[in-house]
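Have a look at the structure below, then the notes.
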Amino acid sequence: MTAIRIALKRLPNGADLPLPAYATAGAAGMDVVSAETCEIRAGERRAVATGFALAIPDGYEVQVRPRSGLALKHGVTCLNTPGTIDSDYRGEVKVILANLGAETFTIARGDRIAQLVPAPVLRAELAEVDDLDATARGDGGFGSTGR
Ligand SMILES: O=c1ccn([C@H]2C[C@H](O)[C@@H](COP(=O)(O)OP(=O)(O)OP(=O)(O)O)O2)c(=O)[nH]1
Ligand SMILES: [Mg+2]
């Protein structure tokens with residue numbers, strides 16, 4: 001398994017926290033813990049601090065993804081999933097959690113709240129044209145092929 005090196009800087013609010021880590025040998029995501037104790041009421045959202053910042057190598061991003069256990073048990077997910085950490089972002093990584101459940105969700109400092117997955121970035125060069133090539137689908141979409 002190849003790994004890319006990503007520089008991580010602990011921020012003062014993350015001084016004593018575990019760094020993002022893979023929970024099992026085959027885990028795709030590194031679990032991230034919360035740097036704050038807080039509550040998210042039903043129907044609300046919050047940018048939760050993680051206590052670290054990253055310098056991702058050029059040509060890569062880091063995706064912030066929800067944990068399925070929180071989603072299934074509590075209705076808590078990343079609102080902007082997958083969140084995008086740009087390679088040129090040097091601020092604190094935050095996890096935008098939304099509580100879609102019926103109960104207030106309590107987060108303790110150190111709780112695992114999301115997972116980070118690095119990914120290569122492909123950039124596109126747009127070529128503006130007057131006409132696009134024809135396809136069988138054409139402009140059908142949004143359920144046009146049936147259930
Ligand atoms: O879940 C997330 C998503 C984003 N970010 C940070 C890192 C990312 O590089 C930056 C900008 O994210 P994005 O491009 O998704 O947000 P935007 O609304 O387009 O903000 P900006 O105008 O700053 O690009 O915010 C996070 O910490 N967590
Ligand atoms: Mg942006």
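Read the numbers this way: they start at 1 and go in the same order the structure lists the ligands and their atoms.
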For residues 139-147, which side-chain donor-acceptor pairs fall under 3.5 Å, sequence neighbours excluded?
| unit_1 | atom_1 | unit_2 | atom_2 | d |
| --- | --- | --- | --- | --- |
| Ser144 | OG | Gly141 | N | 3.3 |

Is a donor on one side and an acceptor on the other found under 3.5 Å between the side chain of Glu103 and the backbone of His74? no
Pro66 side chain reached by Thr81 side chain, heavy atoms, under 4.5 Å: yes
Can you tell me if Asn99 uses its side chain to pair, donor with acceptor, with the backbone of Gly101 under 3.5 Å? yes
Dump all N/O pairs between ligand 1 and the protein below 3.5 Å as a table: atom names plus distance, one pair per row.
| unit_1 | atom_1 | unit_2 | atom_2 | d |
| --- | --- | --- | --- | --- |
| ligand 1 | 1 (O) | Asn80 | ND2 | 3.0 |
| ligand 1 | 9 (O) | Asp86 | N | 2.9 |
| ligand 1 | 9 (O) | Asp86 | OD2 | 2.6 |
| ligand 1 | 27 (O) | Lys94 | N | 3.0 |
| ligand 1 | 28 (N) | Lys94 | O | 2.7 |

Got a list of side-chain donor-acceptor pairs under 3.5 Å for residues 36-56, not counting sequence neighbours?
| unit_1 | atom_1 | unit_2 | atom_2 | d |
| --- | --- | --- | --- | --- |
| Glu36 | OE1 | Arg46 | NH2 | 2.8 |
| Glu36 | OE2 | Ala49 | N | 2.6 |
| Thr37 | OG1 | Arg109 | N | 3.0 |
| Arg41 | NH2 | Glu44 | OE2 | 3.4 |
| Thr50 | OG1 | Val93 | O | 2.5 |

I'd like to check the side chain to side chain donor-acceptor pair (under 3.5 Å) partners of Gln63; sequence neighbours left out, ordered by chain and number. Glu61, Arg65
